[in-house]
Amino acid sequence: MTTELEIGLYIFMLAGFLGYHLITRVPPLLHTPLMSATNAIAAISLVGSLVVAGSDYSAVPNGWVCTLLGLAAVTCSATNAVGGFLITDRMLRMFRTAEQRARGTRRPVELQALAGVLAIAGVVVALLYATKPAGMVMTEYLHAHVAPEALRYCYILSAAMFVLGLKGLSSPKWARSGMALAAFGMLVAVVGTLFHPHIVTYRWIALAFGIGAVAGGTMGLRIPMTAVPQRTALSHSLGALAACLVGISEYVRYQGELGRVTLTALDFEVIVGGLTFTGSLMAAAKLQELLRGRPITYRGQNVLNLTLLSIILGSGIYLIVTQAATPFFYVMVALSLVFGLLLVIPIGAADMPVVIALLNSYGGLADAAMGFVLMNKIQIITGSLDGTSGFLLSLLMCRAMNRSAVNVLFGAFGKVSEDEVAAGAEAKGTVRNITPDETAVLFETASNVVVVPGYGMAVAQAQHAVAELGNILRARGVDTKFAIHPVAGRMPGHMNVLLAEANVPYEHLVEMEHINPYFPEADIVLVVGANDVTNPAAKNNKSSPLYGMPILEVSRAKSVIVLKRSMRPGFAGVDNDLYYSENCMMLFGDAKDSLTKLIGEMKSLL
């Protein structure tokens with residue numbers, strides 16, 4: 001006879017294969033919305049948190065601790081769900097073609113979704129009244145006959161909606177509709193969970209959910225697109241914290257009574273959840289520049305990390321073998337939190353695209369483990385989908401940098417001394433400066449222009465100025481394209497989102513493999529804050545840390561103009577050979593200010 005565990009494992013594996021086929025069909029253009037969407041869907045941890053928060057702990061010693069942990073998990077998960085779907089919709093709303101922008105209209109997805117929800121709710125209410133036996137109170141009918149079946153079918157329906165929602169991300173045309181369907185799937189799952197027989201009170205649940213919804217809604221609606229990487233890292237941390245808290249609550253509730261299989265899943269849940277929580281906070285701090293972006297290293301760092309990991313795993317194995325209530329569990333959780341900090345500290349900001357994707361994968365696995373602990377199939381499915389998404393994106397980012405995940409995590413990439421940088425720059429020679437008025441004159445004679453955005457554009461919040469320059473050039477008949485590197489910015493697809501926010505039609509955004517053959521035809525390449533992804537040393541210098549990394553081959557253009565604050569190297573800590581090329585000129589200053597002056601000069605030449 002097939003056990004619940006075997007069914008759960010089958011579901012996990014099948015969901016992983018399904019996720020692989022869905023995620024590989026999402027274009028790089030939508031990788032940032034994809035990560036945000038899978039984060040929002042992984043907030044299905046809310047259903048497990050609701051059950052834990054609403055259960056009866058009157059017979060459990062210190063049962064109030066379980067309730068408190070469950071309520072905190074509800075708040076974290078609700079923040080993720082509401083904020084995740086809102087900011088994903090904000091991003092997807094920006095991806096429109098030139099024709100759609102000219103019409104100034106878009107399909108009213110919100111009205112369609114609202115109409116659909118109201119129609120389904122009306123049908124459900126009508127069916128309930130039609131099937132209710134005469135003389136039976138509706139409340140009694142719901143609890144005695146409807147609740148058990150409603151929970152099962154709600155989860156099946158929501159799982160199908162999540163899969164179809166991710167399928168919609170295969171094209172910008174259907175992406176918003178797909179996410180609206182996924183959001184409705186989340187609503188169905190949450191409503192179905194409220195019928196769970198273990199939930200005996202809703203008062204505190206409503207309060208925790210309200211706090212999380214307000215916090216998530218504020219973040220989803222107000223956070224600027226330049227801060228999307230930080231918000232995504234915070235989202236990872238909240239989802240992982242929810243999983244960790246639920247795991248601790250279940251251990252407190254069933255101390256000494258859990259089987260080895262359940263303990264294995266619970267240990268995995270709290271270990272991965274704990275390290276993902278603190279690791280994501282560390283990543284967010286680096287992205288927000290609260291910590292320096294360069295790797296923070298010290299002697300014996302990898303040995304210490306591996307020793308700490310061994311202690312954590314040893315504690316987990318001891319708990320599984322003894323099945324006893326022991327303080328070792330809480331020591332294991334505390335060490336997992338410390339390990340998450342130590343894991344991300346030595347990773348430079350240049351590697352944040354890979355780190356964020358990996359943390360996304362870890363969060364999904366923690367959510368799936370929660371599903372095994374609670375034997376909740378919908379959490380197993382969404383955790384597997386989220387884990388697959390993060391893992392595939394991290395592999396894509398590693399491939400784009402020609403590096404392995406092990407090198408990213410333990411290589412301290414970007415650890416270059418200031419003396420080495422200064423010596424390297426002095427040996428290469430001098431650079432040619434250019435002013436905004438001279439740049440405007442050059443643009444007057446150009447027929448083909450390529451704009452290369454990078455993280456410097458995000459820092460200067462210059463995406464609107466870049467878009468305005470593109471519109472001016474296009475209005476003058478200049479063929480203008482935007483070259484996008486897969487790891488430009490601080491998360492997969494970040495530049496696509498920023499340019500879409502500035503109303504750049506997505507058909508003008510060209511991926512690296514398609515734009516590289518075009519560079520020799522370009523009269524001018526304008527590099528806006530992109531450093532490492534344009535460095536020719538990645539192709540020409542075998543001694544460079546960047547060697548082998550696929551780059552945007554801007555040096556092959558007739559002229560290159562680089563907008564940069566100073567000659568300081570990028571986050572990889574490597575000086576850019578491009579700046580010393582004969583066809584390269586440097587326009588120093590804040591990117592937004594420089595572009596504003598350039599646009600003013602171009603308009604004065606009309």
Side-chain angles (χ1 to χ4, degrees), residues 8 11-12 14-16 18-19 22 34-54 70 73-86 88 150-166 178-196 198-199 205 208-209 212-213 216 220 235-247 265 269 272-273 276 360-390:
I11 291 173
F12 179 80
L14 290 174
L18 180 60
L22 289 173
L34 168 65
M35 188 170 291
S36 180
T38 52
N39 256 318
I41 291 173
I44 198 68
S45 57
L46 179 60
V47 302
S49 304
L50 288 172
V51 175
V52 171
V74 169
T75 302
C76 293
S77 299
T79 302
N80 262 6
V82 176
F85 281 116
L86 283 176
T88 302
L151 183 61
R152 181 182 302 115
Y153 290 114
C154 281
Y155 284 174
I156 293 173
L157 182 61
S158 63
M161 290 181 175
F162 290 150
V163 171
L164 292 174
L166 290 177
M179 281 301 98
L181 190 63
F184 182 62
M186 179 67 72
L187 176 64
V188 169
V190 171
V191 171
T193 302
L194 297 179
F195 290 104
H196 199 288
H198 289 174
I199 297 180
I205 285 177
F209 183 86
S235 179
H236 293 156
S237 70
L238 290 175
L241 178 60
C244 188
L245 292 174
V246 168
E269 176 187 355
V272 177
T276 303
N360 184 35
S361 180
Y362 295 166
L365 293 176
D367 188 42
M370 189 204 298
F372 280 104
V373 171
L374 302 176
M375 271 307 152
N376 190 313
K377 308 300 188 302
I378 187 66
Q379 286 188 252
I380 296 174
I381 293 172
T382 54
S384 182
L385 290 173
D386 192 28
T388 303
S389 168

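Here the closest heavy-atom approach between residue Phe162 and residue Met186 is recorded as CE2-N, 3.5 Å. When all heavy atoms are compared, the tightest approach of Gly70 to Ala53 is C-CB, 3.6 Å. Between Gly84 and Ser36, the shortest heavy-atom contact is O-OG, 3.6 Å. Pairing each heavy atom of Ala182 with each of Gly165, the nearest pair is CB-CA, 4.3 Å. Residues Asp367 and Ala42 approach most closely at OD2-O, 3.4 Å, considering heavy atoms. Residues Asn80 and Leu238 share a closest heavy-atom pair of OD1-CB, 3.8 Å.
Contact check for Val188 versus Tyr155: no side-chain heavy atoms found under the 4.5 Å cut-off. Within the 4.5 Å cutoff, the side chain of Leu34 has heavy atoms near those of the Leu166 side chain. Phe372 has its side chain out of reach of Ile11: every pair of non-hydrogen atoms, C-beta onward, lies at least 4.5 Å apart. Inter-residue side-chain proximity for Thr276 and Ser237 is flagged as unmet; no heavy-atom pair is nearer than 4.5 Å. Side-chain contact check for Met370 versus Ser45: some heavy-atom pair is nearer than 4.5 Å. Proximity of Ile199 to Thr193: side-chain heavy atoms (C-beta onward) are separated by under 4.5 Å at one or more points. Looking only at side-chain heavy atoms (C-beta outward), Val191 and Cys154 stay at 4.5 Å or farther from each other.
When atom types are taken as modelled, the side chain of Ser77 and the backbone of Ala73 share a donor-acceptor pair closer than 3.5 angstrom. A donor-acceptor contact shorter than 3.5 Å is absent between the side chain of Ser384 and the backbone of Ile380. With Thr38 contributing its side chain and Asp386 its backbone, the two residues share no donor-acceptor pair below 3.5 Å. Between the side chain of Gln379 and the backbone N or O of Ala368, no donor-acceptor pair lies under 3.5 Å.
In summary, of the residues considered (Val246, Val51, Val47), a side chain to side chain contact (heavy atoms under 4.5 Å, CB included) with Leu374 occurs for Val246 alone.
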>> Apply side-chain contact (heavy atoms from CB on, under 4.5 Å) to residues Met161 and Phe184 and explain how you reach the verdict.
In response: CA-CA 8 Å; Met161 290 181 175; Phe184 182 62; 3.2 Å; yes
> Where do Leu46 and Phe209 land on the side-chain contact (heavy atoms from CB on, under 4.5 Å) test, with the steps shown first?
Replying inline: CA-CA 9 Å; Leu46 179 60; Phe209 183 86; 3.7 Å; yes
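Annotation: the span from Ile156 atom CD1 to Tyr153 atom OH amounts to 6.5 Å, rounded to 0.5 Å. In this structure, NZ on Lys377 lies 9.5 Å from CD1 on Ile381, to the nearest 0.5 angstrom.
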